[in-house]
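Report on the structure given below.
Just so you know, these numbers use all the heavy atoms, side chains as well, and skip hydrogens, waters and symmetry mates. Throughout, a chain's letter reflects where its sequence line sits, starting with A, and its residues are numbered from 1.
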Protein chains: 2
Amino acid sequence: MDRFVSTFTNKIDSKGRVSVPASFRAVLERDGYAGGLYCYPSLDAQALDAGGERLAKKIDGLLAGLPDYSDERDELSVALYGDVQVLSIDGDGRIVLPESLREHANLATAVTFVGLGDKFQMWEPKAFEERRREARSKVQVTRKLFAAGGRSSDDDGNEGARE
Amino acid sequence: MDRFVSTFTNKIDSKGRVSVPASFRAVLERDGYAGGLYCYPSLDAQALDAGGERLAKKIDGLLAGLPDYSDERDELSVALYGDVQVLSIDGDGRIVLPESLREHANLATAVTFVGLGDKFQMWEPKAFEERRREARSKVQVTRKLFAAGGRSSDDDGNEGARE
DNA sequence: CGGGCACATATGGGATCGCATGGGAATGGA
DNA sequence: TCCATTCCCATGCGATCCCATATGTGCCCG
């Protein structure tokens with residue numbers, strides 16, 4: 001297993017600690033774990049994005065695509081790197097979320113970890129339920145577009161993966 | 001044999017375990033079994049979809065087509081990866097269905113496994129009976145359309161493969 | 001041709017292990 | 001000295017493993 005998959009909800013204890021789901025930790029180690037977890041506010045949601053080395057490389061890759069000293073690059077650099085925190089995982093597989101991050105995602109007593117392949121997100125549980133509902137209904141639409149769109153080689157794939 | 005075929009109904013025991021039909025397990029192993037079974041709620045039915053590595057790659061393929069950090073990608077990721085569970089198969093060929101999945105498919109005491117070629121579905125037995133009846137009558141209609149259109153060779157193929 | 005034996009599968013229960021969680025002790029910085 | 005952070009250990013629950021039983025199916029041998 002080398003991707004972040006499925007969702008887990010864990011509690012935040014009185015010291016602000018949260019267990020990272022064991023399966024996610026396993027992925028991180030396979031990913032060339034360097035003692036830290038990269039974590040930053042999601043750009044377009046009240047959630048946090050996090051991942052290991054692979055995610056860090058992806059961000060680098062995104063920036064590399066933009067010309068040096070362009071406004072876009074500066075903005076993206078700030079947006080992506082500016083708020084990144086490196087969270088260390090303690091001996092029991094737990095992390096501590098800094099105040100600034102908890103605030104952005106509105107985290108108080110529990111955290112829902114959502115695997116997204118290369119990275120994972122951390123949500124306030126109720127907010128995630130809402131988001132999931134939304135995503136589902138939108139996918140229904142997207143799916144119809146795929147089916148109607150007609151890239152036939154992909155078509156097979158879609159049929160298999162969706163239904 | 002490299003496709004999931006035919007249907008089986010097995011019981012859920014007091015711990016929530018269900019035996020995966022032996023023939024399905026055989027398919028999974030041929031599929032490059034990596035210790036887990038990918039399973040997620042069907043988007044448009046009260047059932048679960050499941051498969052092996054091949055199915056996982058299809059999901060990846062879908063996402064690979066979308067740019068990083070696009071809204072579409074995020075939504076698909078959440079809807080697909082977020083809901084996916086990796087179920088491990090124990091030494092006796094059984095899996096445990098998490099509460100969230102059982103709920104979606106309304107599974108309580110038994111599960112009907114339905115082979116669909118690349119993947120298979122898990123249904124509450126009565127719900128599946130209902131669904132099967134429906135499918136049968138629709139096939140009748142489809143068949144008449146084919147017959148009218150005139151490609152008779154395809155006729156056989158579809159009918160055989162689907163139901 | 002028939003009986004019985006061997007094997008595979010499904011199912012149930014007990015024992016063990018790992019993980020999430022909570023709290024106290026040690027450490028370090030202001 | 002006080003507060004915050006990190007380390008270490010204890011515990012309870014759930015998940016996983018292992019073994020036992022039942023039911024059936026095919027095969028071999030009489």
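The side chain of Asp13(A) sits closest to dG22(C) out of dT9(C), dG22(C), dT21(C). Considering only side-chain atoms of Ser19(B), the nucleotide from dA10(C), dG22(C), dG13(C) that sits closest is dA10(C).
For Arg54(A), the salt bridge (Lys or Arg N to Asp or Glu O under 4.0 Å) partners at least two apart in sequence or on another chain are Asp31(A), Asp118(A). Taking Asp92(A) as the reference, Arg94(A) meet the salt bridge (Lys or Arg N to Asp or Glu O under 4.0 Å) condition, with sequence neighbours excluded. The salt bridge (Lys or Arg N to Asp or Glu O under 4.0 Å) check on Glu99(A) picks up Arg102(A), with sequence neighbours excluded. Applying the side-chain contact (heavy atoms from CB on, under 4.5 Å) rule to Pro98(A) yields the partners Gln85(A), Leu87(A), Ser100(A), Leu101(A); only residues at least two apart in sequence or on another chain are considered. In this structure Lys57(A) satisfies the side-chain contact (heavy atoms from CB on, under 4.5 Å) test with no other residue, sequence neighbours excluded. Under the salt bridge (Lys or Arg N to Asp or Glu O under 4.0 Å) criterion, Glu103(B) pairs with no residue, sequence neighbours left out.
The aromatic rings of Phe4(A) and Phe24(A) stand perpendicular to each other, their planes meeting at an angle above 60°, with 30° marking the opposite boundary.
Regarding Phe8(B), its CZ atom lies at a distance of 17 Å from the P atom of dA8(C), rounded to whole Å. One atom, CZ of Arg17(B), and another, P of dG14(C), lie 11 Å apart when rounded to the nearest Å. Rounding to whole angstrom units, CZ of residue Phe24(B) and P of dT9(C) are separated by 14 Å. One atom, CD1 of Ile12(A), and another, C1' of dA20(C), lie 14 Å apart when rounded to the nearest Å. We find that CG of Asp90(B) is positioned 14 Å from P of dG12(C), with the value rounded to whole Å. Following rounding to the nearest Å, Lys15(B) (NZ) and dA15(C) (P) show an atom-to-atom distance of 11 Å.
Using modelled atom types, one finds no donor on one side chain facing an acceptor on the other under 3.5 Å when comparing Asn10(A) with Ser19(A).
Pairs passing the salt bridge (charged side-chain N to carboxylate O under 4.0 Å, His left out) check and including a residue from residues 105-115 of chain B, sequence neighbours excluded, do not occur.
Using a 4.0 Å heavy-atom criterion, one finds that Val18(A) contacts no nucleic acid atom at all.
On the nucleic acid side, DNA chain D contacts chain A at distances under 4.0 Å to non-hydrogen atoms, with the end points of that region at dT6(D) to dC9(D).
Proximity of residues 91-102 of chain A to DNA chain D (heavy atom under 4.0 angstrom from any strand atom) is restricted to Asp92(A), Arg94(A).
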